Number of protein chains: 2
Amino acid sequence: MEDGEELRFDRGAETPERIKAQLSRLVGLTAAQTARASGDALRSVGAHKDHFVVLAALAEFGPASQSALAGRARVYKSDLVAVLNELADGGWIRRTPDPSDKRRNVITITDTGVRRLAELDQVLAGVNAHITAPLTREERDQLFALLNRVNSHLAGPPS
Amino acid sequence: MEDGEELRFDRGAETPERIKAQLSRLVGLTAAQTARASGDALRSVGAHKDHFVVLAALAEFGPASQSALAGRARVYKSDLVAVLNELADGGWIRRTPDPSDKRRNVITITDTGVRRLAELDQVLAGVNAHITAPLTREERDQLFALLNRVNSHLAGPPS
DNA sequence: AGCCAACGTTAGTCCAACTAACAATTCGAG
DNA sequence: CTCGAATTGTTAGTTGGACTAACGTTGGCT
């Protein structure tokens with residue numbers, strides 16, 4: 001048996017039934033692979049997962065304080081600091097103090113930032129296409145819908 | 001705005017469109033929550049994710065060497081060591097040297113191990129029920145099927 | 001005999017998710 | 001108007017899962 005093969009690969013017949021029934025395990029496996037795929041793709045253009053979400057939030061909702069941004073992009077404010085530093089280094093955002101509230105910074109996406117977002121968007125579109133390759137359009141939408149429902153259900157009532 | 005609320009909570013309207021379209025992000029979010037749910041539940045009975053998969057693999061395929069077990073349970077052999085130590089401490093498995101190959105250990109599930117597995121199975125069934133609460137039976141099956149297809153697609157051809 | 005592969009084990013890396021604390025500033029209640 | 005509480009950005013650190021490297025021991029092969 002040349003069993004020394006990679007882990008994480010599917011070995012259908014040899015997977016215990018009880019494990020197959022565990023949604024958390026299945027979601028976890030899939031998440032690990034999609035995270036790797038998108039992570040690798042973004043890394044290859046010198047980006048990071050959070051770069052995309054932050055730029056997207058800025059492009060869609062306009063300038064914002066860091067804490068508002070953290071909320072929208074679902075990035076912890078503690079992690080956001082480094083992300084914004086990197087984005088500022090690339091010239092993709094500007095971080096200016098808010099004159100009306102000296103605690104705040106106002107984060108603004110730049111023109112090159114908009115272009116950067118488009119670039120990352122395209123990279124991720126490719127990844128998404130690859131990930132969802134075996135699914136039809138309808139199935140893809142179904143998957144999104146189902147995950148969204150599970151997700152917001154888990155997010156909502158902690159009970 | 002009492003926005004200081006927890007992160008990871010759903011804020012539908014304030015989520016940028018582009019982010020909603022990212023499957024990897026959605027799967028990742030869901031995975032984080034399901035992992036937390038099942039992790040917490042297992043921890044509350046003094047168990048660990050890998051305890052379950054290892055016991056399940058033993059129950060379903062019988063005694064095995066650690067490396068065979070690592071393959072079936074999809075646990076890295078390096079991590080398996082600690083798991084087996086814990087399982088042995090609980091009296092749920094036995095680790096005996098294989099007389100026919102002194103490199104190997106033969107891992108056998110004990111009677112109490114079988115009962116432990118049943119216990120964990122029940123705990124996880126509860127978690128699964130909670131996770132999939134908003135879905136009908138058909139939807140739940142659909143979700144499984146879709147994730148399985150995506151998953152094995154990603155696992156298979158690295159191309 | 002000698003060499004390479006497999007086994008169990010130890011140790012450690014990498015990354016995402018998450019928490020705690022803190023100085024500066026602003027707000028709000030008395 | 002003042003003083004305590006809350007918010008903002010920031011630094012630091014923790015936890016946990018996924019994964020890799022290397023090593024001594026043993027086995028199979030020729």
Side-chain angles (χ1 to χ4, degrees), chain A residues 1-9 24-25 27-40 42-43 48-54 64-71 73-85 88 95-107 155, chain B residues 1-9 24-25 27-40 42-43 47-53 64-71 73-85 88 95-107 155:
Chain A
M1 294 268 169
E2 71 301 14
D3 242 0
E5 289 305 306
E6 300 284 335
L7 215 55
R8 92 177 158 275
F9 278 21
S24 63
R25 185 120 182 127
V27 174
L29 271 186
T30 315
Q33 310 215 67
T34 61
R36 173 197 297 258
S38 63
D40 286 354
L42 288 174
R43 204 170 302 120
H48 184 271
K49 304 194 78 178
D50 294 337
H51 291 195
F52 174 74
V53 289
V54 167
S65 72
Q66 293 189 200
S67 72
L69 206 48
R74 281 208 190 88
V75 174
Y76 283 84
K77 58 177 182 175
S78 37
D79 299 331
L80 186 58
V81 179
V83 174
L84 290 182
N85 286 339
R95 180 157 35 178
T96 50
D98 185 339
S100 77
D101 186 339
K102 288 177 191 162
R103 291 172 302 179
R104 290 195 172 102
N105 291 331
V106 178
I107 314 298
Chain B
M1 292 259 173
E2 74 300 17
D3 242 3
E5 290 302 307
E6 301 283 336
L7 213 53
R8 88 178 163 275
F9 277 22
S24 63
R25 184 119 183 128
V27 173
L29 272 185
T30 316
Q33 309 214 70
T34 61
R36 175 198 295 258
S38 63
D40 286 354
L42 287 174
R43 203 169 304 121
H48 184 272
K49 305 194 77 178
D50 292 339
H51 291 195
F52 173 74
V53 289
S65 72
Q66 291 188 202
S67 72
L69 206 48
R74 280 209 192 85
V75 175
Y76 283 84
K77 60 177 182 176
S78 37
D79 299 331
L80 186 57
V81 179
V83 174
L84 291 181
N85 286 339
R95 180 156 37 179
T96 49
D98 185 337
S100 76
D101 185 340
K102 288 177 191 163
R103 293 173 302 179
R104 288 194 173 104
N105 292 331
V106 178
I107 315 298

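Convention: sequence-line order gives letters A, B, ...; per-chain numbering from 1. Predicted model, so just to flag it, every value in this text is computed and none were measured.
With sequence neighbours excluded, the residues that form a side-chain contact (heavy atoms from CB on, under 4.5 Å) with B:Arg103 are B:Asp101. Take B:Ala47 and apply the side-chain contact (heavy atoms from CB on, under 4.5 Å) test, not counting sequence neighbours, and it matches B:Leu42, B:Val45, B:His51, B:Arg116, B:Leu120. A search for salt bridge (Lys or Arg N to Asp or Glu O under 4.0 Å) contacts involving A:Arg43 returns A:Asp40, not counting sequence neighbours. Among residues two or more places apart in sequence or in another chain, the side-chain contact (heavy atoms from CB on, under 4.5 Å) test is passed with A:Ser65 by A:Ser67, A:Ala68, A:Arg104.
The CZ atom of B:Arg25 sits 6.0 Å away from atom CG of A:Asp50, with the distance rounded to the nearest 0.5 Å. Interatomic distance, A:Asp98 CG to A:Asn105 CG, rounded to the nearest 0.5 Å: 8.5 Å. Residue A:His48 holds its NE2 atom at 8.5 Å from CG of A:Asp79, rounded to the nearest 0.5 Å.
Within the 4.5 Å cutoff, no side-chain heavy atoms of B:Val83 are placed close to those of B:Val53.
In this structure, A:Asp40 atom CG and D:dC19 atom P are separated by 11 Å, rounded to whole Å. The CG-P distance, from A:Leu80 to C:dA17, rounds to 14 Å in whole Å. A:Asp98 has its CG atom 13 Å from the C1' atom of D:dT7, to the nearest Å. Taking atom CG of A:Leu42 as the reference point, atom C1' of C:dA16 lies 14 Å away to the nearest angstrom.
Direction of the helix axis in the helix from C:dA1-D:dT30 to C:dG30-D:dC1 shifts by 10° between the two five-pair termini, rounded to 10°.
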* Asked: Reading nucleotides 9-18 of chain D 5' to 3', which nucleotides get B (base under 4.0 Å from a protein heavy atom), which S (sugar-phosphate only), which -?
  -> BBBB----S-
